[in-house]
Amino acid sequence: MRLVNIKPARGVRLLIAAIPILAVLIVYAVFSTARAEANPNDKVLPTFVAMGQAAVRLFTETDPRTGEITALADTSASLWRLAMGVGIATLSTLLLGIALGVVPLVRAALGPIITIIAVIPPIAVLPILFIALGLGEASKIALIALGIAPYMVRDLAGHVAGLPAEQFVKAQTLGASTWQLTLRVALPQALPRLIESLRLSMGPAWVFLISAEAIASDVGLGYRIFLVRRYLSMDIILPYVAWISLLAILTDLALQTLSRKAFPWAHGGGH
Amino acid sequence: MAGGTDMTGDTATGGPPGGVILSFRDVWVEYGDKVVLERVALDIAQGEFVSVVGPSGAGKSTFLRLVLGQEGPTRGQILLDGTELTPECSPDRGVVFQRYSVFPHLTALGNVMFGLECAASPLLGKLLGGARRRAAREEAVRMLEAVGLGHNLDVYPAQMSGGMQQRLALAQALVKHPRVLLLDEPFGALDPGIRLDMHELVGGLWQEHGLTIVMVTHDINEAFKLGTRVLAFDKRRHDPHAPNRYGATAVYDVKLDRKAREAGPPAELAGVVT
Ligand SMILES: Nc1ncnc2c1ncn2[C@@H]1O[C@H](COP(=O)(O)OP(=O)(O)OP(=O)(O)O)[C@@H](O)[C@H]1O
Ligand SMILES: [Mg+2]
């Protein structure tokens, strides 16, 4: 049988998916133990035990300086910024993307400028944001929103404009006005696509968040990682990276579930 | 069929049966220097079932788009009930395309209620409850029963066969009682067996609701089986050096009586239709 035709069953799939992950963990465990035996003060490859201890400390002990639990304060600050930035981007995408996709006049007026904005590397405008909005929350939120919105707007506008012309004709023969057509034909079909492009944009959103926090902040996941980097505290950095990854995975799962539950017709199901 | 009889009354309000409903007056369609249709002049009477045939690229769909209002003629006039058409779609002309005629995000019931809801709720395009919603729902259900989808109210198009989707598209269009129903190769993508069922359905709906239908088809037998009149579009003149110089027009226009329908397509059409 050809290789391309061998499709693993569910159990087998889980098993062979676990193998590379386990391999990485085992290799890490072997090397970190070896280094710890050679030099108990090694910081570059902390053992799982050391990382576990650091993680417990971060997630349970209050920082006497701030009176808060470090990891929780960092997480809530970062998630708030992320939610605001992503929320603003999503809302503006919904309005702009649908308007661009449905109304040719809007597309003619705003399409080119959005294309231009989309090619500007967002990090390059971060200094402008800091100067214009200050070093506080607004500039970080703005970076996230500006970083992901142009792609999302273009993706959604393209999707809406690409809906079969027959649908728009049919809606009009059924008496739909421009507004009704937007609300009942374009909007519902835009929503699952919006969630899809949001899922893809979450990666860049995290990048912009962590960059902004690394440069100017006093709390946040990105701030913490870049702060402890000075002391080579890999035992804090690695659990933080794992924690960020876990948050990212959970967000993605939540969005995927939302889309499946809310828009069954878009996922080949319906009953 | 419960909804059948009262709908006939609705459709027939615009004029006496047999009166002219659609009128083409020297209509031309050109794209740049490409002439697609030229000198199309004909009248379509209320209650006719017009089959439109012709080779690929002859402008059959263009002809239909003109009636639909999806585009306007370059020259000439098209009158519906004596009033010149504006190039914009409206509910007095219903349509079923070969594909993409139904909304994938709405159930069968939602698809048929769409037209009723647009008329009833300008702001939301949706009826959220109450007596008006119940009435619209009942009307939609009757229409779905009429096309044989009474047991599939809550099914999404993606879960339907091609034939069911076209039945749904018909119900969706007919619930608005259009003056003219336009069909562009509505059965082109269906299996032969399903196609026969659909012929029966469309023929039946046409009779019961007193519809006026213009149907484009590639199947010449279908054209003669269903139509009361067959139009064939083709170019009258050819310029071998400039193929775009002349457009197509109705080169064959025959009203069929029962005998002609049973006899089927004449030999002279064999060259026109691919
Ligand atoms: N918007 C347009 N711009 C330029 N040419 C067009 C346009 N729309 C249609 N045409 C041309 O007009 C001609 C007629 O097209 P039309 O779709 O009406 O043909 P048809 O008879 O329906 O063909 P088919 O049987 O393949 O569906 C074709 O040559 C097509 O290329
Ligand atoms: Mg065509």
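Keep in mind the model is a prediction, meaning the values are calculated, not measured. Heavy-atom basis, side chains included; hydrogens, waters and symmetry copies ignored. Protein chains get the first letters and strands the later ones, always in sequence-line order, with residue 1 at the start of each.
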So which part of [X] gets closer than 4.5 Å to some heavy atom of chain A, the side chain, the backbone, both or neither?
X: L116(B); result: neither
X: F114(B); result: both
X: L182(B); result: neither

Check whether more than 12 heavy atoms from other residues, nucleotides or ligands sit under 6.0 Å from atom [atom1] of [X], and answer yes or no.
X: R199(A); atom1: CZ; result: yes
X: E88(B); atom1: CD; result: no
X: F263(A); atom1: CZ; result: yes
X: I113(A); atom1: CD1; result: no
X: R133(B); atom1: CZ; result: yes

For each of [options], tally heavy-atom pairs with chain A at distances under 4.5 Å, and name the one with the top tally.
options: C89(B), G115(B), C118(B); result: C118(B)
options: A173(B), P157(B), P122(B), A169(B); result: P122(B)
options: P91(B), G69(B), S90(B); result: P91(B)
options: V102(B), L123(B), V96(B); result: L123(B)

What distance do T107(B) atom OG1 and W265(A) atom CH2 have between them, rounded to the nearest 0.5 Å?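 CH2 of W265(A) is found 12.5 Å from OG1 of T107(B).
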
Can you tell me how far apart CD (Q70(B)) and CD (E166(A)) are? Round to the nearest 0.5 Å.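 One gets 7.5 Å once the value is rounded to the nearest 0.5 Å.
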
Quick check: closest heavy atoms across K176(B) and G175(A), and the distance to 0.1 Å?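 Nearest heavy atoms, K176(B) then G175(A): CE-N, 4.5 Å.
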
Side chain to side chain, L174(A) and Q172(B), heavy atoms closer than 4.5 Å: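 Touching, per the 4.5 Å side-chain cut-off.
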
Examine distances only and state if a side-chain atom of [X] and a backbone atom of [Y] form a donor-acceptor pair shorter than 3.5 Å.
X: K170(A); Y: V95(B); answer: yes
X: H105(B); Y: R184(A); answer: yes
X: Q180(A); Y: S121(B); answer: yes

Answer with side chain, backbone, both or neither: which region of A165(A) has an atom nearer than 4.5 Å to a non-hydrogen atom of chain B?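 Looking at A165(A), nothing touches chain B.
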
